[in-house]
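Every number for a ligand or one of its atoms is a count from 1 in the order of the listing. Position 1 is the first residue of the sequence, and the numbers go up from there.
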Amino acid sequence: MSNNIRPADMKRISTPELAEAFIAEQVAQVRAQVGDKKVLLALSGGVDSSVVAALLVKAIGKQLVCVHVNHGLMRKGESEQVIEVFQNQLDANLIYVDATDRFLDLLADVDEPERKRKIIGGEFIKVFDEEARKLEGISFLAQGTIYPDILESDGVKAHHNVGGLPEDMDFELVEPVKLLFKDEVRVVGRVLGLPASMVERQPFPGPGLGVRCLGAITRDRLAALRESDAVLREEFAKAGLAEKVWQFFTVVPDFRSTGVRDGKRAFDWPVIIRAVNTVDAMTATVPEIPWAVLQAVTNRILAEVPGVCRVLYDLTPKPVGTIEWE
Ligand code: XMP
């Protein structure tokens, strides 16, 4: 498909001026493609879908219907940010679906990582499909496909299960950033006025915290994971590491270890800190994090996160370890 090939003379969008020109061109193109019809978009809050949403709001306003499915495995504050930015600031048409209970009920007692991924991906499609069927007059489906998705797979976004959409949905696709690389999508997002915390976001797996709450997910361990991850992100940002480290997060295993708290024996979970640098996620190295930062993270997690009595830093490069633990 020729329109899926980036023209050899296409300029790299590296400046706000080039982004402005790209946006103007896409706005015109989308308006011509869509006319007065409605467009549906699964808005995860990740960089690509957020930039597509902002671009389409600019082009067609309320003709865009965004659906944000909260699968209960989002990081702290993420769904709230989607609502704040798109509903409150950009005045977008946003349907927010809190499907936390559905996902967590289905995942209870499931400890095999690939089954967890399948359940999360399958349920995501189901919830999105249900929402789409409630709507009337939708003719187009927008997707945050970017050029690496086309190069690396068959052009289907999120080949990792989550974000795929029902196959029988008979919509014409709107994919305004499909010829852009990630850094270009970020420049476009900034020019569209999206907050840096959204545009500069590190990669986050589709199954979210689900593959970092090891084994069978429980709500209390998931809460410990979400809180410890938020502490890590805050402390890395404070130390100026957020832009220097490619991906960082916490992991909570499904076993306990002994500790002492307030003079009494505790039997609580460990939290593992994972931080990696990589170019393409195929191999990764572990950065040397200043001791003071690791100590600050450790002290805060132990003081602020219930159910945790130990903090570890994972020194394993990829290979042999993968970036995620599951
Ligand atoms: P691994 O663990 O394979 O991770 O070294 C490489 C990169 O891929 C991300 N990852 C996923 N992303 N769905 C996703 O959308 C998944 O199931 C998934 N598993 C891993 C991981 O976060 C890292 O950036």
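Close approach to W246 involves these atoms of ligand 1, each under 4.0 Å from a residue heavy atom: 24 (O). Per-residue contacts place G206 under 4.0 angstrom from the following atoms of ligand 1 (heavy atoms of the residue considered): 13 (N), 14 (C), 15 (O). Atoms of ligand 1 lying under 4.0 Å from at least one heavy atom of P207, given by number and element, are 13 (N), 16 (C), 17 (O).
Ring-centre distance between F140 and F171: not below the 6.0 Å cut-off.
Looking at Q247, K116, R117, E324, it is R117 that brings a heavy atom closest to atom 18 (C) of ligand 1.
Below 3.5 Å of separation, one finds no N or O of A281 facing any N or O of ligand 1.
Hydrophobic side-chain contacts under 4.5 Å tie V251 into a cluster, directly or through other members, with L214, W246, F249, I272, V276, L312, I323, W325.
None of S79, S49, S44 except one satisfies the side chain to side chain donor-acceptor pair (under 3.5 Å) rule with H68; the exception is S79.
Looking only at atom types and distance, the side chain of S197 has a donor-acceptor partner in the side chain of Q81 under 3.5 Å away.
Cation-pi contact between R75 and F204: present, with separation from the ring centre below 6.0 Å and deviation from the ring axis of at most 45°.
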